[in-house]
Participant: 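Take a look at the following structure, please.
We name chains A, B, ... by the order of the sequence lines, and we start the count at 1 in each one.
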Amino acid sequence: MKRRFDDGGWSPYLAGALVGLLAIASAYATTQWLGKTKYLGASTTFVRAAGVIEQTADPERVAANAYFAKTKVKIDWQFMLVLGIFIGSLASAASDKSYKLEAVPPIWEDRFGPSVTKRAIGAFFGGIVAMMGARMASGCPSGHGLSGMMQLSVSAFVALAMFFGFGMLVAAVVYGRRAG
Amino acid sequence: MSTEQWMGLVTGILFGFLLQKGRVLRFEKQVGAMLIQDMTILKFMLSAILVGMVGIHLLAGAGIITYGHKAMNLGAVLVGGGLFGIGWAIMGFCPGTSVGALGEGRWHAVFGILGMLAGAAIYAELFPFFQSTVLAWKDFGKIALPGALGISPWIVIAVFWALTLGLFVWFEKNDL
């Protein structure tokens with residue numbers, strides 16, 4: 001528990017524990033003021049955002065789609081939460097000067113080189129597969145990984161095991177095991 | 001903006017701030033955990049879970065808040081969870097951290113975000129097909145582990161704390 005915080009970052013144990021407190025406070029506050037207990041999550045927002053974008057091109061198609069109807073295309077609590085993550089991260093990075101423009105992450109570059117196009121294609125298709133999986137499973141590492149685990153939901157234990165299980169398998173194949 | 005939207009925004013700003021301070025937004029932290037080289041994101045997630053589960057169960061037990069379990073739909077969680085893991089390893093971000101990574105300058109996260117928007121639209125198109133196949137296999141409903149085991153949540157929480165603290169010791173001993 002030493003190094004790694006020399007760039008101004010906090011201990012992940014501390015930052016994580018504070019997120020735990022935030023999740024509790026948020027569950028309490030949403031119940032009190034909005035009448036419904038809300039838990040941290042992110043992936044549903046991508047469905048709503050996709051719906052908002054698709055509406056500008058073909059509103060009838062969105063209106064007729066069963067999944068958009070079920071999810072409801074609207075700018076809700078979680079949508080604003082996801083926008084807030086961007087702002088909070090930007091503020092934090094600015095506060096300790098850890099903001100860094102990066103086109104290709106180091107582990108990726110070691111394996112695939114500095115091509116931004118390759119990274120863009122990989123991330124785009126990875127994003128498609130990940131989001132289809134998250135929506136099928138009804139949650140991502142926030143909704144299942146944090147919120148579901150806090151509630152001891154059975155689905156969260158299974159989902160998180162699948163996330164990491166397949167993630168480890170694919171990461172080992174794609175990036176190889178570099179000497180630590 | 002409505003009260004709901006303001007509350008979401010403020011919560012999100014705090015969440016994003018803590019995600020960035022914990023240094024869990026980066027590609028190398030996410031993929032580093034999958035390669036078992038850097039367990040920062042697990043330390044962060046498990047710490048949040050340890051603290052959160054106590055408060056959530058205290059409040060829900062007192063009837064102040066309600067649980068919001070996600071359904072244990074076998075096909076959905078197994079196939080969806082597996083697909084997510086595959087995409088996550090390639091993209092190097094999850095949905096929440098992609099937006100945060102963009103906030104701290106890792107602008108290549110934008111490609112992942114565009115892919116995820118496309119993935120959401122594709123999922124919406126294919127939803128009827130999934131509904132009659134993968135999602136129709138077996139649904140155990142919105143179940144929680146203590147209920148499924150027939151024991152008090154506090155026993156599960158105590159065991160979870162003990163196992164997780166043991167894992168933390170192992171992480172630190174191995175400098176992960």
Side-chain angles (χ1 to χ4, degrees), chain A residues 9-10 12-13 15-17 19-20 23-24 26-27 31 37 42-43 46-47 50 67 77 80-81 84-86 88-90 92-93 99-102 105 120 123-124 126-133 135-138 140-142 149-150 152-155 158-159 162-163 166-168 170-171, chain B residues 4-5 8-9 11-13 16-18 20-23 27 34 37 40 43-44 47-49 51-53 55-56 65-67 69-70 72 77 80-91 94-96 99-100 103-106 111-112 115-117 119-121 123-124 127 143-145:
Chain A
W10 298 357
Y13 297 113
V19 165
I24 299 166
S26 171
T31 311
T37 310
S43 66
F46 284 79
V47 179
Y67 193 64
W77 179 84
M80 296 309 292
L81 178 105
I85 292 175
F86 173 82
S89 167
L90 181 61
S92 169
Y99 187 92
K100 191 179 114 192
L101 284 173
E102 179 186 272
F124 184 78
I128 290 179
V129 174
M131 186 50 66
M132 289 184 67
R135 289 330 302 156
M136 192 180 282
S138 294
C140 59
S142 295
M149 291 297 289
M150 286 177 194
L152 298 172
S153 310
V154 174
S155 56
V158 181
M162 294 302 289
F163 293 168
F166 274 76
M168 286 164 71
V170 174
Chain B
E4 179 187 326
Q5 288 170 330
L9 184 67
T11 310
I13 291 173
F17 188 87
L18 293 169
Q20 206 279 339
K21 286 289 178 223
R23 301 294 192 248
F27 178 99
M34 296 176 211
Q37 289 173 350
T40 305
K43 295 175 189 175
F44 181 95
S47 299
I49 293 165
V51 172
M53 64 172 36
I56 295 296
I65 63 169
T66 53
Y67 291 112
H69 298 296
K70 293 176 191 291
M72 182 51 223
V77 177
L83 281 174
F84 180 83
I86 295 167
W88 185 21
I90 308 286
M91 177 169 49
C94 58
V99 182
E104 62 168 0
R106 275 67 180 177
F111 305 121
M116 288 191 284
L117 289 170
Y123 187 78
F127 183 60
I143 50 172
L145 196 56

Participant: In terms of heavy-atom proximity below 4.5 Å to chain B, should S153(A) be classed as side chain, backbone, both, or neither?
Facilitator: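 Both backbone and side chain of S153(A) come within 4.5 Å of chain B.
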Participant: As an exercise: rank S142(A), P141(A), S138(A) by heavy-atom pairs under 4.5 Å with chain B and give me the winner.
Facilitator: P141(A)
Participant: Where do M131(A) and M116(B) come nearest, in terms of heavy atoms and distance?
Facilitator: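 Looking at all heavy atoms of both residues, the shortest contact is CG-O, 3.1 Å.
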Participant: For the CD1 atom of I24(A) and the CD1 atom of I56(B), what is their distance to the nearest 0.5 Å?
Facilitator: 6.0 Å
Participant: Which region of A27(A), side chain (C-beta onward) or backbone (N, CA, C, O), has a non-hydrogen atom less than 4.5 Å from a non-hydrogen atom of chain B, or is it both or neither?
Facilitator: both
Participant: Could you tell me which non-hydrogen atom of G167(A) sits nearest to which non-hydrogen atom of A89(B), and how far apart they are?
Facilitator: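 Minimum heavy-atom contact is O-CB, 3.6 Å.
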Participant: Looking only at heavy atoms and a cut-off of under 4.5 Å, which of G80(B), G87(B), G105(B) has the most pairs with chain A?
Facilitator: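 Winner by heavy-atom pair count: G105(B).
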Participant: Check step by step if side-chain contact (heavy atoms from CB on, under 4.5 Å) holds for K100(A) and E104(B).
Facilitator: CA-CA 6 Å; K100(A) 191 179 114 192; E104(B) 62 168 0; over 6 Å; no
Participant: Quick one: what part of S26(A) sits under 4.5 Å from any heavy atom of chain B, side chain, backbone, both or neither?
Facilitator: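 Only the side chain of S26(A) comes within 4.5 Å of chain B.
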Participant: Quick check for you: among M162(A), M132(A), M136(A), which has the greatest number of heavy-atom pairs under 4.5 Å with chain B?
Facilitator: M136(A)
Participant: Among G85(B), C94(B), G103(B), G119(B), which residue forms the greatest number of heavy-atom pairs with chain A at distances under 4.5 Å?
Facilitator: G103(B)
Participant: In Å, rounded to the nearest 0.5 Å, how long is the span from CD1 of I128(A) to CG of L83(B)?
Facilitator: 12.5 Å
Participant: Checking F84(B) against chain A: side chain, backbone, both or neither under 4.5 Å from a heavy atom?
Facilitator: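 Interface part for F84(B): both.
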Participant: For a 4.5 angstrom cut-off between non-hydrogen side-chain atoms, does C140(A) reach W88(B)?
Facilitator: no
Participant: Indicate the atoms forming the closest heavy-atom contact of V77(B) with A137(A), along with that distance.
Facilitator: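 Heavy atoms only, the tightest pair is CA-CB, 4.2 Å.
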Participant: Closest approach of M168(A) and M34(B), non-hydrogen atoms and distance?
Facilitator: CG-O, 3.2 Å
Participant: If every non-hydrogen atom of R135(A) is compared with every non-hydrogen atom of Y123(B), which pair is closest and at what distance?
Facilitator: CB-CD2, 3.6 Å
Participant: Taking S92(A) for its side chain and Q20(B) for its backbone only, find out whether a donor-acceptor pair lies under 3.5 Å.
Facilitator: no
Participant: In Å, rounded to the nearest 0.5 Å, how long is the span from OG of S89(A) to CG of L18(B)?
Facilitator: 11.0 Å
Participant: Do you know which two heavy atoms are closest between F166(A) and G82(B), and how far apart they sit?
Facilitator: CB-O, 3.5 Å
Participant: Would you give the length of the straight line joining atom CZ of F124(A) to atom CG of L117(B), rounded to the nearest 0.5 angstrom?
Facilitator: 9.0 Å
Participant: For the candidates A93(A), A23(A), A159(A), A42(A), which exhibits the highest count of non-hydrogen atom pairs separated by less than 4.5 Å from chain B?
Facilitator: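 Highest number of heavy-atom pairs under 4.5 Å: A93(A).
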Participant: Drop me the distance from K43(B)'s NZ to Y13(A)'s OH, to the nearest 0.5 angstrom.
Facilitator: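 Answer for the NZ-OH pair, K43(B) versus Y13(A), is 4.0 Å.
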Participant: Does any non-hydrogen side-chain atom of L152(A) lie less than 4.5 Å from one of Y67(B)?
Facilitator: no
